[in-house]
Amino acid sequence: MREFTEQEQQRREGRAAIEAQDINPYPYSWDVTDYAQSVLDRFDDAIHQPDESGVSKEPFTVSIAGRIMKKRVMGKASFIDILDSSGTIQVYVARDSIQEGYYNGVFKKLLDIGDIVGIEGYVFRTKTEHVSVHATRLVLLAKALRPIPIVKEKEGVVYNEVTDKEFRYRQRYVDLFVNPEVRKTFVLRAKLVSALRSFLDEKGYLEVETPVLQPIYGGASARPFTTHHNALDMELYLRIADELYLKRLIVGGFEGVYEISKDFRNEGLSRFHNPEFTMMELYVAYKDYDWMMDLVEEMVEVVAMSLHGEAKVNVGGNEISFKRPWKRIPLLDAIKEKTGYDLFGKSRDELAEIGKALKLEIDSTMGSGKIIDEIFGEFVEPNLIQPTFITDYPVELSPLAKRHRDKEGLVERFEVICNGKEICNAFSELNDPEDQRARFEDQVRLKDKGDDEAMAIDEDYLRALEYGMPPTAGLGVGIDRLTMLMTGQDSIRDVILFPLLRPEVAEGTEDSDTEDSSEAEPVTSQEA
RNA sequence: GAUUCCGUAGCUCAGCUGGUAGAGCAUCUGACUUUUAAUCAGAGGGUCCCAGGUUCGAACCCUGGCGGAAUCACCA
C-alpha cells in the first residue's frame with residue numbers, strides 16, 4: 001500500500017466524516033439544467049437581479065454541476081468557483097441559504113478544492129459586479145481524494161500554472177481541468193475531424209472501415225508493429241496505411257471512399273511523430289491529381305473556416321492563409337529556385353555530386369530519388385510557410401503512384417507543404433497491374449539490400465488491380481499535423497490526448513514484491 | 001539511437017564557492033455573511049528521481065541508471 005501524503009490523509013478523513021453523517025460521497029446522478037457559460041451569457045440585470053429585499057422580476061434559477069476550483073470562506077458565507085465543461089462560474093454559498101446544518105457540518109470543513117458538487121440556486125450579480133449563482137442547495141457528487149494543483153490568476157498573470165510536460169501528458173485528466181486551453185485544443189480537433197467528415201459526406205463519398213490487423217502491410221514506407229493471432233497462429237501487422245484496402249474498394253465499384261483512422265508505425269518519437277497517429281485517406285474514381293489539388297484547397301479552406309471563421313491561422317508568428325488558390329510548383333522547379341541546380345534528367349551520380357556540393361551527406365546506398373528528397377527536405381521544405389503544392393516526384397519514391405503523363409522518371413504526385421511541414425500527400429493512383437508488379441519488385445530488391453521500410457509484394461492487391469481499377473485520385477492527410485497547424489501547437493503531443501511515453505514506475509509499487517503483513521488487516525474507515 | 005538541458009513540499013519555484021532545506025499558493029487551527037491570487041493570526045508537511053563513489057560532512061562534486069524536454073537521425 002502506498003503511503004498517503006498529509007493532504008491525502010486529510011481528505012480520506014474528510015470522506016469518513018461525511019459518511020459518518022450518512023452522506024454518500026459518491027451519489028448516482030444530478031439533474032443539470034445549466035452550464036457556467038450559458039448562465040453568464042443569459043444573465044440580464046434588468047429582470048434577473050434581485051432588489052434590496054431579495055426579490056427579482058424573474059428569478060433565474062439554475063441547477064449546475066462541476067468541480068470546485070477555488071474556495072474563499074468568509075465566516076458564515078463563502079464563494080467557490082465551479083468548473084464545468086463550458087467554463088467557470090462563481091457560486092455564493094451562505095450558511096442560511098442552503099440546507100440546514102450543511103454549511104458548518106459539511107461544506108466548510110469537509111468539502112475541498114477538487115471535489116465535484118451539484119448546486120441549485122438563483123443567478124445574481126454581486127457588489128463587485130460578478131455574475132454568480134446564489135446557492136440554495138449544494139450536494140457533494142464526488143469526493144476528490146487527491147489534492148489538485150491550484151492555478152490562480154490576477155490581471156492576466158497566471159500563478160502556479162501547471163507547465164510540467166511529463167505531469168501534463170501522464171495525468172492528462174488533470175491537465176484538462178487545470179489548463180482550459182488544453183480542452184479548447186481538443187474541442188478544435190474534434191471540430192476539425194467533424195468538418196472534414198461532413199465535407200466528404202456532402203461530396204457523396206462513403207466512409208468505410210478497413211482492417212487494422214493486416215497479414216501484409218503496405219501503402220507506405222515504414223516499419224510496422226507486429227502482433228500474433230493465437231487461433232490462426234499467424235503473424236499480423238498493425239496497418240501503416242489504409243491505402244491498398246481502400247483501392248480494392250474502388251475496384252469493387254465504390255466511386256469515392258474515405259477512412260479516418262489510426263495508423264501505426266514502429267519508429268522513433270519526436271515533436272512530429274507519435275507511433276500511433278490519425279490519417280484520413282480518400283480515393284475518388286475517374287479523377288487525377290490535378291482534380292485532387294482543387295479538392296484539397298477547398299477542403300482545407302472549409303476546415304479552417306469552420307474552426308476559426310476565417311481562412312487563416314497564426315502559427316509561431318507566421319500568418320498562414322488557406323485562401324485559394326495555393327501556389328503549385330513542381331518539385332524540381334522548387335529545388336532549382338532555391339539552390340540554382342536543375343536536377344531534371346540528371347543521372348544518379350550527377351545528383352550525388354550536386355548533393356555533395358550542397359554539403360549534404362550522400363552515401364552509396366542512396367538512389368537518385370532519395371538524393372532529390374534530401375535536397376528538397378534540406379533547402380526547400382523548411383522555407384515553405386504558406387500552403388504550397390509540390391508536384392511530380394521521382395518514381396522510385398512513389399511505388400503506388402502513376403507515371404507522369406509527360407515527364408519521364410516522375411510520377412503524378414503532390415504533397416502540400418505548410419509551415420515547413422508536409423500536411424498531405426496525394427497522387428494519380430497507379431492502376432496498371434503490370435507496372436504495379438514491377439514497382440513492387442523494385443521494392444523487394446530494396447528490401448533485399450537492407451531497406452527495412454520497403455514494401456512487400458501484395459499478390460492479392462495485384463489480383464484486384466488485374467480485374468481493373470478505374471483511373472483514381474488518392475489522398476492522405478495527417479490529421480494530427482493538420483490539427484497542430486490549425487491550433488498553433490508545436491508538438492504532436494499537444495494534439496494527442498494520451499501520447500506515448502515511457503512507462504512510469506507506478507506509485508506504491510516500488511516494493512510491491514516484498515511481503516506486506518499490513519494488507520491482511522481489515523481496513524475500517526467507515527466507522528468514525 | 002546520439003548530443004545538450006532538466007528532475008527539491010500537493011502545485012510553481014529558490015537554495016551562493018559542498019556545512020544534512022526555504023518561499024508563494026495549497027493544507028491544518030482560529031476570526032470574518034458579497035469575496036475574487038479574498039484578508040488577518042498561528043501551525044504542520046520533504047526517501048532533495050534512484051544506486052554507488054569522493055569527503056569529517058553531499059540537494060550541490062564524480063560515475064552509472066531511470067524519467068522528461070529540445071536538437072539531430074528515420075519518417076507522416
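Using a 4.0 Å heavy-atom cutoff across all strands shown, A:Lys71 reaches no nucleic acid atom at all. Within 4.0 Å of A:Gln90, counting heavy atoms only, lies at least one base atom of the nucleic acid. Residue A:Arg271 is in sugar-phosphate contact alone, with no base atom involved, counting any heavy-atom pair closer than 4.0 Å across all strands shown. When heavy atoms are screened at a 4.0 angstrom cut-off, A:His130 is found touching base atoms of the nucleic acid. Among the protein residues, A:Arg170 comes within range of the sugar-phosphate backbone only, with heavy atoms under 4.0 Å from sugar or phosphate atoms but none that close to a base. No engagement by A:Lys108 is indicated, since no non-hydrogen atom pair under 4.0 Å with the nucleic acid exists. A:Asn274 comes within contact range of at least one nucleobase, with a heavy-atom separation under 4.0 Å. Counting any heavy atom pair closer than 4.0 Å across all strands shown, A:Gln7 reaches a base atom. Contact annotation for A:Tyr169: backbone-only contact, meaning every heavy-atom pair under 4.0 Å involves sugar-phosphate atoms and none involves a base. Residue contacts shown for A:Asp164 are limited to sugar-phosphate atoms, with no base heavy atom under 4.0 Å away. Here A:Ala94 lies in heavy-atom contact (under 4.0 Å) with a base. Among the protein residues, A:Gly478 comes within range of no part of the nucleic acid, since none of its heavy atoms lies under 4.0 Å from any strand. At a threshold of 4.0 angstrom between heavy atoms, the contacts of A:Glu153 are confined to the sugar-phosphate backbone, with no base atom among them. Note on A:Leu501: only backbone sugar-phosphate atoms sit closer than 4.0 angstrom, heavy atoms only; bases stay farther off.
Salt bridge annotation for A:Glu166-A:Arg170: present, with a cationic side-chain nitrogen under 4.0 angstrom from a carboxylate oxygen. A:Asp81 and A:Lys71 are not joined by a salt bridge, as no carboxylate oxygen comes within less than 4.0 angstrom of a charged side-chain nitrogen. A salt bridge links A:Lys262 and A:Glu276; the closest N-O separation between the charged side-chain nitrogens and carboxylate oxygens is under 4.0 Å.
Not a single donor-acceptor pair, N or O on each side, falls under 3.5 Å between the base of B:G67 and the side chain of A:Glu166.
Taking the side chain of A:Thr128 as heavy atoms from C-beta on, and the options B:U36, B:C28, B:A69, the nearest nucleotide is B:U36. Ranking B:C25, B:U33, B:U36 by closeness to the A:Lys76 side chain, first place goes to B:U33. Out of B:U12, B:A73, B:A69, the shortest distance to the side chain of A:Ser270 is found at B:A73. Closest approach to the A:Glu267 side chain among B:C74, B:C11, B:U35 is made by B:C74 (side chain taken as heavy atoms from C-beta onward).
For A:Arg146, no side-chain nitrogen or oxygen approaches OP1 or OP2 of B:G10 to under 4.0 Å. Of the side-chain N and O atoms in A:Lys152, none sit less than 4.0 angstrom from OP1 or OP2 of B:A37. Taking only side-chain nitrogens and oxygens, A:Lys109 comes nearer than 4.0 Å to OP1 or OP2 of B:G30. Taking 4.0 angstrom as the limit, A:Arg72 places none of its side-chain polar atoms (N or O) nearer than this to OP1 or OP2 of B:U35. For the pair A:Arg493 and B:A70, the criterion of a side-chain N or O lying under 4.0 Å from OP1 or OP2 is met. For B:G67, one of the phosphate oxygens OP1 or OP2 lies less than 4.0 angstrom from a side-chain nitrogen or oxygen of A:Arg502.
For A:Ser491 and A:Lys370, each mapped to the nucleotide of RNA chain B holding its nearest heavy atom, the one lying further toward the 5' end belongs to A:Ser491. Residue A:Ile113 is the one, among A:Ile113 and A:Val73, whose nearest nucleotide of RNA chain B lies closer to the 5' end (criterion: closest heavy atom).
Taking the six-membered ring for Trp, A:Tyr102 and A:Phe107 have ring centres at least 6.0 Å apart. Centroid-to-centroid, the aromatic rings of A:Tyr289 and A:Phe427 stay 6.0 Å apart or farther.
Remark: A:Glu181 CD is packed, more than 12 non-hydrogen atoms of other residues, nucleotides or ligands lying under 6.0 Å away.
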